[in-house]
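Let me begin by presenting the structure, written as structure tokens, before commenting on it.
The basis for the numbers below is simple: all heavy atoms, side chains too, and nothing from hydrogens, waters or symmetry mates. Convention: sequence-line order gives letters A, B, ...; per-chain numbering from 1. Remember, it's a predicted structure, so these values are computed and weren't measured experimentally.
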Amino acid sequence: MAEGRVVGIDLGTTNSLVAYMQGDAPVVIPGVDGSNLVPSVVALDPVPAGGGRPTVTVGNTARKALIETPERVIYSVKRLMGRGLQEIQDELKLFPFRLAEDVETGEVPRIRLGELKFTPPEISAYILRQLKRNAERFFGAPVTQAVITVPAYFNDAQRQATKDAGRMAGLEVLRLVNEPTAAALAYGLDREKVGTIAVYDLGGGTFDISILKLRDGIFEVQSTNGDTHLGGDDIDNLLLAIALDEIHAEHGVDLRVHPGAVQALRKAAIDVKISLSTEPVARFDIELPNGDRYQREIPRAVFELLIEPVLARTAGPCKQALTDAGITPEQIDEVVLVGGSTRIPAVRQLVDDLFHLKARGKRPHIELNPDEVVALGAAVQADILAGASKSTEEMLLLDVTPLSLGIEALGGTVARIIQRNSTIPASATEHFTTGVDGQTNVAIHVVQGERELAADCRSLARFDLRGIPPMSAGLPRIEVKFLIDADGILHVSAREQRSGQVAQIEVKATYGLTDEQVESMILDSFDHAEEDFAKRLLIEARNEAETILAAVERAPESPAWNQLRGEEQEAIAAARNRLASVKQGEDAAAIRDATLALDQATRRFAELMMEAAVTSAIRGKTMEAAGVDLGEAVTAPHAMAPAEFK
Amino acid sequence: MFKVLDSAVPIACWSCSIGHNDSTLFCPHCSKIQPPPGGDYFSVFGLEPRLGLDLPALEHEFHRLSRKVHPDRFARAGENERQWSLADTALLNDAYRTLKDPLHRTEYLLKLEGAEIGPDLSAESAAADGKDRKDPSRVPADLLEEVFELNMQLEEMRMARKMGETDAGLQPSLEQAKRRFDGLLVEVDQNLRIQWQVWDEGDAAARKKAEKTMVGLLDRRRYLSNLVRDVTETLGA
Ligand SMILES: [Zn+2]
């Protein structure tokens, strides 16, 4: 096994990050554009002129394509991870996911991206591969092992799908860590804490609450609860719906039929949301295809009324987590806020109310950037697993399983065998027998959830105990051992005790990919060729240089070019010439530096371009009509960057 | 999903080949992790079976063992050691979860001693509880009349709720019943504690007697707490 670095990855709904432990402090590894956040957006480039498989781009570059070619772009894919066809129907209404037509019930859904189809783990694998590359570029060495975070309330299938994605990206996933627990690790590092803390994590698409007890470096989770489909996306959708309805009613324009325009409007809605965290009022001001302007002021009070139902959905899980931990709000010593959505003042007010903070002279912890804290915690856990560092050798995370594990009993009821909030790894042993003389098979249905009827719980797997020696009914005694590992994933083994035979088990996961399927989806193998690593870095650096040079070559054709001052145009020309000459050399780092310099020089130009593109997308024009395409890769990143929480 | 390694009892340490007893997670000679031991939950913590436990000491020992045996400590170890760490930690967690809870601990010890007890707390289903409560043969004899009365009131209350009415007389009377049964629960717990001591300190005969009493007390407790839960749910609906 390679003993390289272990990185920590936050694979988020909206953004993803990779971090590592630098000495005794975790730090985020920036991408080639200098940004710590890689938008969880994946785009398929146009089919190359000579045919062949189109390239996949990730992050800010891909996000740019959202407006231009929305049918070749996917975001928020985390919402689809580990879920079956029936379960994603709601998501399909709210998000522009285009399901492949030939998906059958019981199969892992595939999403159409241009002319190709991908499963959610494959899409996530592209994001992971980008993060892996960012880390490799940063270290100048291969990275093959990672800790990846998942929402605490993710079920077995969602966790397995995340691990599958890691494998497809060429990463050995040493551990899945729950996001709120990771955040607690990041906070717990720099202080010797004893006490009970609550982590309130409202991200782009998921909500988690975890309650932990800290003592002598041991982080023992007491309880966890949440909602895997609740987050900032839902708030964006509320604002978007208002804008779409009003534009339709007041201006007679139905933007819903133009995916590109909807994306541009979504960006405007996100901007409104973000600015309402600091301003008392924010506004939509958008030019419509018929020349009208949609101008709408949203006062914070109206916004808070609008999102109240969304925020209220976080209260129930918080109360349940307190009950399950057997404590009152007053017994919570500290509250940690995680996720971009916790920047919303109404969210902070709700947290204050739930845990009676102000009344006790306390404030929630926001010292660490809520967008980065989970990745930082993942890096801490990665360091613990690597086992090589003094700063984490006393630390240990004891997490729990968020959902009860049960077996379907007669009459469709559930017999619970491992209760929710049990510390993992956890196991349970159950005995089964036959109901008919000579029966050699027993079917077992495993479910996850808190409901009384199996039909209301999440079906995990059906499996058949086979090869039971023929005996009278009720005589065989088959011992089945269920074990939830430290990643929260279930393993099963069985043995017939009277004959001593190890029964064969055939497990059919209700959702999810088979081993063979995962194997066949492993991304381009050149990622694994460690010996060619230096060569690969050089090729990548040259590719990036080519891309930006091509874009800059076309720049003067754009109307935006003429908006630049003379000295700005000269600076771009100088940076271009430098890159063009360095590119001939063999020094990957020098090429990257020159690329970055040209990227910096073209920053304002990129912004001007994007403004033109957004306006024209809403007005129903294409990117081409707004000016030349800026090209892919490094120049594009900042264009949409203001849409981030800053 | 994989096959968990068989928890066969090693005669000798896999690493240093020196023999050791079967109840240890680590070789006493070379400190290497061992396959899951075959002993009971108490032996995981080096304890003899007993009902009165020093909980802070148990927690301390749980943390100490977790630090040594947890899969996080074996992330880069060989395949066997990783599997043993996983199985050992599951055993340690299962043992701690069972022993720290007084009722689970009592049930577990009674089962170890071969007592036949009601539905396992750890494997109970909510639906089975419901059946349990309605089965008249399971109602403690001294409570038959009260329970009959209470069930009628609960039914009335639910009917009234369904019709959107409020019956001013029912609420206080249900609340009173809840207080009464809560009180009975406390009484059961006190009696259980007395039996713990009898068991921990008694000879074989005294233990057998205490076991029988505790089986009865646990049945009664399960019955009462389901009843209280029903009343609380109906009141809170
Ligand atoms: Zn040894």
Side-chain angles (χ1 to χ4, degrees), chain A residues 1 3 6 145 147 174-175 215-218 220 381-382 384-388 394-398 400 406-407 409 411-419 422-430 450-453 461 463 481-487 489-495 502 505 507 509, chain B residues 1-8 36 41 56 59-79 81-98 100-101 104 111 119-132 232 236:
Chain A
M1 198 190 303
E3 295 283 313
V6 188
Q145 294 182 317
V147 166
L174 291 187
R175 178 78 73 249
R215 189 174 187 173
D216 306 327
I218 293 201
E220 193 177 352
Q381 178 67 17
I384 294 173
L385 294 182
E394 288 302 309
M395 295 175 80
L396 181 65
L397 180 54
L398 301 177
V400 301
I407 297 172
T413 59
V414 176
R416 277 180 211 129
I417 55 171
I418 297 178
Q419 300 286 343
S422 293
T423 304
I424 52 172
S427 68
T429 305
E430 292 292 312
E450 311 309 319
R451 303 284 295 275
E452 287 177 19
L453 293 177
F463 58 91
K481 184 154 190 179
F482 299 85
L483 188 149
I484 299 177
D485 70 14
D487 295 331
I489 292 175
L490 176 69
H491 304 258
V492 186
S493 62
R495 192 163 52 154
V502 175
I505 326 181
V507 180
Chain B
M1 308 199 185
F2 65 94
K3 289 215 167 302
V4 176
L5 285 154
D6 215 350
S7 56
Y41 286 166
E59 186 189 33
H60 187 264
E61 187 64 2
F62 171 61
H63 284 167
R64 189 186 71 82
L65 290 170
S66 292
R67 277 184 205 280
K68 290 174 67 179
V69 78
H70 196 275
D72 282 7
R73 298 286 182 251
F74 294 86
R76 287 176 158 183
E79 174 67 16
E81 283 178 86
R82 275 192 290 149
Q83 292 300 344
W84 292 333
S85 149
L86 175 59
D88 283 1
T89 310
L91 172 68
L92 174 64
N93 289 338
D94 296 345
Y96 181 58
R97 183 165 57 249
T98 303
K100 74 178 173 184
D101 180 274
H104 286 131
K111 270 194 188 162
D120 187 349
L121 272 183
S122 60
E124 75 191 317
S125 83
D129 292 351
K131 258 184 260 129
D132 203 29
T232 311

Response to the item:
Closest heavy-atom pair, L483(A) versus A90(B), reported as atoms and distance to 0.1 Å, is CD1-CB, 4.2 Å
To the nearest 0.5 Å, what is the distance between [atom1] ([X]) and [atom2] ([Y])?
X	Y	atom1	atom2	value
H70(B)	I424(A)	NE2	CD1	7.5 Å
F62(B)	T423(A)	CZ	OG1	5.0 Å
I218(A)	R67(B)	CD1	CZ	4.0 Å

Discussion item. Please identify, among L453(A), I407(A), L385(A), the residue contributing the most non-hydrogen atom pairs under 4.5 Å to chain B.
Written reply: L385(A)
Fill in: Under 4.5 Å from any heavy atom of chain B - which part of E394(A)
both
Worksheet item: Between L396(A) and S66(B), is any pair of side-chain heavy atoms under 4.5 Å apart?
Response: yes
Fill in: P425(A) and N93(B), any side-chain heavy atoms less than 4.5 Å apart
yes
Worksheet item: If you tally heavy-atom pairs under 4.5 Å against chain A, which of D94(B), L92(B), T89(B) wins?
Response: D94(B)
Discussion item. What I want to check is whether the side chains of R97(B) and Q419(A) have a donor and an acceptor closer together than 3.5 Å.
Written reply: no
Response to the item:
Okay, Y96(B) and chain A: the region with an atom under 4.5 Å from a heavy atom over there is side chain
